[in-house]
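Here the structure comes first, spelled out in structure tokens, and everything after it is commentary.
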Protein chains: 2
Amino acid sequence: MGRRRQAVTIKHVAADAGVSLQTVSRVINNEPNVRPEMREKVQASIDRLGYVPSIAAQRMSGSRSYLILALNDRERTIADWRARQGTDWVDQMLLGGMLECAEHGYRLIFELVDTHNDHVERELTAAIAALQPDGAILTPPHSDNPKILAVLARHKVPFARIGAQTSEKGLPPGILVSMDDEGGARTATRHLLDLGHRRIGFISGPTEYRLAGKRVEGWRAEMEAAGLGVDGLLEAGDFTYQSGVRAARALLTRPDRPSAIIASNDQMALATVEIADELGLSIPADLSLVSFDNTPLVRFTRPALTAVDQPIADTTARAVRMLIASHRKPDADMGPVVMPMGFEIRGSTAPFGKGG
Amino acid sequence: MGRRRQAVTIKHVAADAGVSLQTVSRVINNEPNVRPEMREKVQASIDRLGYVPSIAAQRMSGSRSYLILALNDRERTIADWRARQGTDWVDQMLLGGMLECAEHGYRLIFELVDTHNDHVERELTAAIAALQPDGAILTPPHSDNPKILAVLARHKVPFARIGAQTSEKGLPPGILVSMDDEGGARTATRHLLDLGHRRIGFISGPTEYRLAGKRVEGWRAEMEAAGLGVDGLLEAGDFTYQSGVRAARALLTRPDRPSAIIASNDQMALATVEIADELGLSIPADLSLVSFDNTPLVRFTRPALTAVDQPIADTTARAVRMLIASHRKPDADMGPVVMPMGFEIRGSTAPFGKGG
DNA sequence: ATGAAAGCGCTAACAT
DNA sequence: ATGTTAGCGCTTTCAT
């Protein structure tokens, strides 16, 4: 091997430009107190020598590491990867997060952490000690995990919480970025109401995920606004296909079965497709169906599913941007940001009564 | 913010254990010349204080960075992400690569690099200077890009090339890890021969990807071994859906059309499904179809497609392992490794003559 | 087998 | 506006 040294260091640049290390450093970091002509001269040397600062050295000297940690749930992520069904969440996070990081000279480091595990703290502390990240992005369900928040706070790592619920007392709230789950559910419900549906069933997600509750609220609010009750129209799922099967069967075997169903995620929507098929109900003639998330899956059913679209990439990019900005101005207003959901109308929704 | 310092450093451990920094360092790095009892005492302090070395400091002092770069094609990767059809390649790389890295205390850093671009060298040099990675994993088509190989060689970054073709003269060959494209094609062909098919068409990939050629070779070899000709059975595609449409139409509108087709990737296989449908050919009754890659897509067609399965996760994990091992023993034999392909039989293949 | 000293590349703090 | 000094946490010499 032979120990690899930095090919071009700040010293080379300083010598080449005939200035001190400090001046070069100031130019690199866009700091004030450098005359424009100096700045240009130094920049010319940097360009000519192809100098790029070592982030290890930058970090060592007490500055930034230019590393941002993206924390995801280990168990679920690995399960998704192994299932090989197209892991939309991760892909979209990388798309939004990596590209935004790159634009600011940062890198996103994808890190898996166990939620339901005693050594979350140990794992996370190790990652922080090893990498010294400038920030962390938390995804559900980590966003609301007090242990994780506490570790980050203790190590003074700024964090952004995607889809987080509330501020934990005694802990800094972090940067809050959410997707508009309630709004998404409202849009879906209104779409179905506009199509003439009156009995609109809803399959909810697990209470562990706060966004699941928000989706229920949106649906309920819109139903009530339309003067409709929701009795017998809500079934609890837990985001798994199996739970969707159970919930869909419960809804669709009722004597007063709904003419439309909103499922809180794609897996449960696919389960609903299966049960509808099993019961001889045709989609969308006998049953309109709206899904949540809009992962790749829903485009490959026949008909393709109308779905609420989660703007994961945009949300992650926004979180990255705010994290980096907060580093510059720690006191800037980091009030909660809510990203609007999209809505893709496909073939699984149709006017009420046109078929069944 | 306030400059964040390492919470627990090697100094704390040394003080706690009552030894010198050096001894602690030796324990951390599993080096010789430490008495077992010393080692234990130090390890106890490490555990108690929860000490984890800073990779920035380790890197600064001329040791490893514990970072491995995974280089992927920017354009294609971003296009896949945006298309939102389930980016299997990236997911599987992360699954195999990240987990393997984690096991050895390394991290995988996912990096996008333009292939068709003048500043590949600049981009890559910058990444190397910034991160000082201990190794890099190249995926097609980067694996055969001489510019990239040259930059890595120049900076003495060891690299593993997935699915690479040949050693470039004057450049170190790197660690070669391939998937058995020829074997996969042979398996697929044999499967169809066993089902009684005699005219088996093949849609190839672009010559830029060397694996495309390998797949053609496997098919051709197996056909010839069965005493069958391949005239009029080979059509060139380029891995895009559109090229698959063209190729499939060319094959299926011949008077002596094949009773089975092998497509070199999933997109082209889906295109073949569409054309078969358009021509009123039922799958698998009138046409058997085998796909390559086994991305999520092929499970959502009706019928689901029989497919050759690329072991991307295993291959990446293997590359990581060899890269790390080579660091320990630079002279170890890094002969080419070929990972076997899988084969998933689904509903798109059936015995010849049972329907059409 | 252990320890002490020097230095990696960079920036914060302090001159000038 | 610029330069000098000290030190970040660790590993590599080089002693002992």
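What you are looking at is a predicted structure, and each value in this text was computed from that prediction instead of being measured.
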Rounded distance (Å) that lies between atom [atom2] of [N] and atom [atom1] of [X]:
| X | N | atom1 | atom2 | value |
| --- | --- | --- | --- | --- |
| B/Arg59 | C/dG9 | CZ | P | 9 Å |
| B/Gln132 | D/dG9 | CD | P | 19 Å |
| A/Ile10 | C/dG9 | CD1 | P | 11 Å |
| A/Leu131 | D/dC10 | CG | P | 14 Å |
| A/Gln6 | C/dG7 | CD | C1' | 15 Å |
| B/Ile55 | D/dT11 | CD1 | P | 12 Å |
| B/Met60 | C/dA6 | CE | P | 18 Å |
| B/Gln58 | D/dT11 | CD | P | 5 Å |

Test log, rule salt bridge (Lys or Arg N to Asp or Glu O under 4.0 Å), inputs B/Asp134 and B/Arg64 = CA-CA 6 Å; B/Asp134 288 341; B/Arg64 280 157 292 183; 5.3 Å; no

Name all pairs fulfilling the ring-ring contact (aromatic ring centres under 6.0 Å, His included) condition that reach into residues 41-77 of chain B, sequence neighbours left out, sorted by first residue then second.
-> B/Tyr66-B/Tyr106

Taking every non-hydrogen atom, the tightest pair across A/Val320 and A/Cys101 | CG1-SG, 3.8 Å

How far apart are the closest heavy atoms of A/Gln92 and B/Trp81, and which atoms are they?
-> NE2-O, 3.1 Å

Terminal axes of the helix from C/dA1-D/dT16 to C/dT16-D/dA1 (five pairs each): angle between them, nearest 10 degrees = 40°

Not counting sequence neighbours, which residues clear salt bridge (Lys or Arg N to Asp or Glu O under 4.0 Å) with B/Arg48? List them please.
-> B/Asp16

Tell me, please, which residues at least two apart from A/Thr125 pass side-chain hydrogen bond (donor to acceptor under 3.5 Å, both in side chains).
-> none

side-chain hydrogen bond (donor to acceptor under 3.5 Å, both in side chains): which pairs involve residues 312-324 of chain B, sequence neighbours left out?
-> B/Glu100-B/Arg321

Which of these nucleotides, D/dG9, C/dC8, C/dA4, is closest to any side-chain atom of B/Ala57?
-> D/dG9

Strictly below 4.0 Å, heavy-atom distances to any atom of DNA chain D: list the hits from residues 22-43 of chain A, or just say none.
-> A/Gln22, A/Thr23, A/Arg26, A/Asn33, A/Val34, A/Arg35, A/Met38

For C/dC10, does OP1 or OP2 lie under 4.0 Å from any side-chain N or O of A/Ser61?
-> no

Does A/Arg161 reach the main-chain N or O of A/Ser143 with its side chain, forming a donor-acceptor pair under 3.5 Å?
-> yes

Is a side-chain donor-acceptor pair under 3.5 Å present for A/Asn72 with A/Thr77?
-> no

